[in-house]
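Take a look at the structure set out below.
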Amino acid sequence: MTALLEWLLDPLQFAFMRDALAMGVVLGVLCAVTGSYLIVQQMSMIGGVISHSIVPGLSIAFFLGIDVGIGAFVAGVLSAICVALLEKRSRLKVDAAMSLTLTTFLAFGILLISLLETNQVDLSSLLFGDILGVTRGDLGRTIAIAALIITLVKLFYKELLFYSFDPLGAQASGLPVQGLYMGLISAITLTIVATMQVVGVLLVMALLVGPAITAYLLVKELHQMMWVGSVLGAIASISGMYASYYLDLPSGPAIVMAIFVGFLLALCFSPRRGWLVAKARSPHTPHQ
Amino acid sequence: MLEVRNVTAAYRDRWAIQNVSFVLQPGQATNLLGPNGAGKSTLMKVMLGLVPPVSGSILWHNQPFAPHRHRVAYVPQRTVIDWDYPITVQNVVRMGRTRQTGWLRSFSAASNAIAHHALDRVGMADYAHRQIGELSGGQQQRVFIARALAQEADLFFLDEPFAGVDQTTETILFDLFAELKAAGKTLLVISHDFGDTLAHYDQFLLLNQTLIAAGNQSEVICPACLEQAYGKRFYLAAA
C-alpha cells in the first residue's frame with residue numbers, strides 16, 4: 001500500500017509534473033466538451049483543419065506586434081468559415097473542402113513566415129508541443145478559457161442540442177443557426193489556440209476526438225458523452241503522464257496512446273455496442 | 001390562411017420551382033405530390049424561410065409570413081437526420097418546446113408535461129428514455145410527429161412522413177391528421193402514396209417545377225395531369 005502511494009506521489013514532488021498533470025486534467029475536460037460537438041456533427045477533422053490553419057495568423061500577429069493568440073484565433077475561425085462556405089456554396093463535399101483549406105492556409109502561413117521574416121514562429125513546437133513545459137500562466141489561462149466555454153455550453157445547451165441534432169428543424173423553428181455554428185466554431189478554435197501552443201497539434205486533436213468518441217460508444221445522451229468524455233480525457237492524461245515519467249516516454253504521445261487504449265476497451269466491451277459483447281450475445285447456430 | 005404567391009426558387013444553377021401559387025386553408029390537409037426532383041421539398045423550405053425565393057411572396061392573412069413562421073411545426077425528411085445521435089426520445093420531443101422556453105432557461109414542468117402528452121398521443125410514451133437509434137423507422141417518425149405536436153403549432157409541414165413506416169404508424173398519423181384538422185390546424189404533407197390514403201386529404205397540389213394542378217382529388221389525380229407531371233410511362237397504381 002505504501003509502495004503504491006509512493007509510486008503515485010513520487011512524480012508530484014516536481015512542480016513541472018504537478019502543473020503538467022493539472023493541465024492534462026483541464027484539457028481532458030475542456031476538449032471532451034467541445035469535442036463532443038465535433039463528433040455528433042460529423043466534423044471531427046475540423047479540429048485538424050483549424051489547428052494547422054492558424055499559422056498565417058501567427059505570422060501576421062508577430063509581424064504586427066500583437067498577441068499571437070488573437071492572430072491564431074482569427075485565422076482559425078476564418079478557416080472554419082472557408083470550409084462551411086465551400087461546402088454550402090459549391091458542389092464540394094466537406095472532406096474535400098477541409099483538405100483544400102488546411103493545405104492552403106498552412107502553405108500560406110509558411111510563405112508568410114518567409115516573406116514577413118517572422119521566423120520567431122516555432123513550427124516544430126507548435127506541431128509537437130511539450131506538456132511538461134507548461135507554465136503557471138498557461139495553466140491559469142487554460143482554466144479561465146475552460147470555465148468560460150463550459151459555462152457557455154451549459155447556458156446554451158438546449159439550443160446547441162437542437163442545432164447539432166437537426167439543423168434544418170432548428171432553423172425552421174427560428175433558432176439563429178449561423179450564430180450557433182459560429183459560436184461552436186469559436187469555442188473549438190479557442191480551445192485549440194489556447195492549448196496547442198502548449199501541448200501541440202497532435203495532443204489537441206487526440207484530446208478533442210478520442211475521449212468523446214469513446215464516450216459516444218458508452219452512453220445515450222450528449223451531456224453524458226461530455227461527462228464521461230471529460231473523465232476519460234482526464235484519466236488518459238494522468239495515466240499517459242505517469243507512463244511518461246516511469247518509462248521515460250515522450251509525454252504527449254504517451255497520453256495519445258492512453259486515449260487509444262481507452263477507446264479500444266470501449267470498442268470491445270461497450271455494454272450496448274461492444275464488439276465482443278455483441279459476439280457473446282449473438283445466438284449460436286445449433287449443430288445440425 | 002397561408003398564401004403562396006408566384007414563388008420562384010433556384011437550386012444552385014437551375015430552377016427548382018417556378019411561379020407557384022396556391023392557398024392553404026385552416027382545418028384542411030393538403031397533399032403535395034410530384035416526381036423526384038420536382039421541387040416539393042424546396043417549396044416547403046421556401047415557405048419555412050430555409051431557402052430564399054428568387055421572387056414571389058408568402059402571405060399569412062395578407063401580411064408577410066416571416067414574423068409568423070414560429071406557427072409552423074416542421075418534420076424534415078428522415079434521411080437528413082443522424083439516427084445514431086446520442087439523444088433520447090424524451091429530449092427529441094422537448095426540442096419542440098425550445099422556442100417557447102426561451103434563451104438561458106430550462107424546460108418548465110408545463111413543457112415537460114406537454115412533451116409527455118405529445119408522446120402519449122403517438123403511442124410512444126413507454127419509449128421516452130430509449131435512444132432514438134434503438135427505434136424502428138415508424139417509431140422514429142412518430143417521435144418527430146410528437147415533437148411537432150409539442151410545439152403547439154397552427155401549421156404542420158411534413159416532408160415524406162410516410163416513407164418507410166409501418167401500418168400502425170400510418171394509422172396513428174392519419175388519426176392525428178383528423179384530430180388536427182378538427183382543431184382548425186393547417187397541414188401540408190409531401191407524400192408519394194396514390195392508394196386509398198388519398199381520401200385523408202382535402203386538397204392536392206401536383207408539382208413538377210411548376211404547379212401542374214391544384215384542387216380536389218378528382219381535379220388533380222387524373223391521367224392527363226399525372227402524365228404531365230410524371231411522363232407518359234406513369235400508370236395509376238390505384239386504378
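From a predicted model like this one, the values you see are computed outputs, not experimental measurements. Residue numbers begin at 1 in each chain, while the letters A, B, ... track the order of the sequences.
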With respect to chain A, which residue among B:L48, B:V80, B:N91, B:V72 yields the maximal number of heavy-atom pairs within a distance under 4.5 Å? B:N91
Just give me the residue among B:H70, B:Q151, B:R69, B:R105 that pairs up with chain A most often, heavy atom to heavy atom, under 4.5 Å. B:R105
Find out whether [X] and [Y] are in side-chain contact, i.e. whether some heavy atom of one side chain is under 4.5 Å from a heavy atom of the other.
X      : Y      : value
B:L50  : A:L168 : yes
A:D166 : B:I81  : yes
B:Y85  : A:L161 : yes
B:W103 : A:L175 : yes
B:P86  : A:Y216 : yes

I'd like to know whether [atom1] of [X] has more than 12 heavy-atom contacts from other residues, nucleotides or ligands below 6.0 angstrom.
X      : atom1 : answer
B:W60  : CH2   : yes
B:Y11  : OH    : no
B:H117 : NE2   : no
A:F108 : CZ    : no
A:M257 : CE    : no
A:Q178 : CD    : no

Do the side chain of A:K158 and the main chain of B:T101 share a donor and acceptor less than 3.5 angstrom apart? no
Region of [X] that comes under 4.5 Å of a non-hydrogen atom in chain A:
X      : answer
B:R94  : neither
B:V75  : neither
B:F157 : neither

Find the distance between CG (B:D82) and CD (A:Q42) and round it off to the nearest 0.5 Å. 5.0 Å
Using a cut-off of under 4.5 Å on heavy-atom pairs, state which of A:L155, A:I39, A:V40 scores highest against chain B. A:V40
Just give me the residue among A:S36, A:S164, A:S173, A:G169 that pairs up with chain B most often, heavy atom to heavy atom, under 4.5 Å. A:S164
Using non-hydrogen atoms only, which part of [X] is less than 4.5 Å away from chain B: side chain, backbone, both, or neither?
X      : answer
A:Q224 : neither
A:S90  : backbone
A:F162 : both

Which atoms form the tightest heavy-atom contact between B:L104 and A:E159, and what is the distance? N-OE2, 4.5 Å
In short, A:V219 meets B:Q131 closest at the heavy-atom pair O-OE1, 4.1 Å
Hey, can you tell me if B:W83 and A:F165 have their rings parallel, tilted or perpendicular (30° and 60° cut-offs)? perpendicular
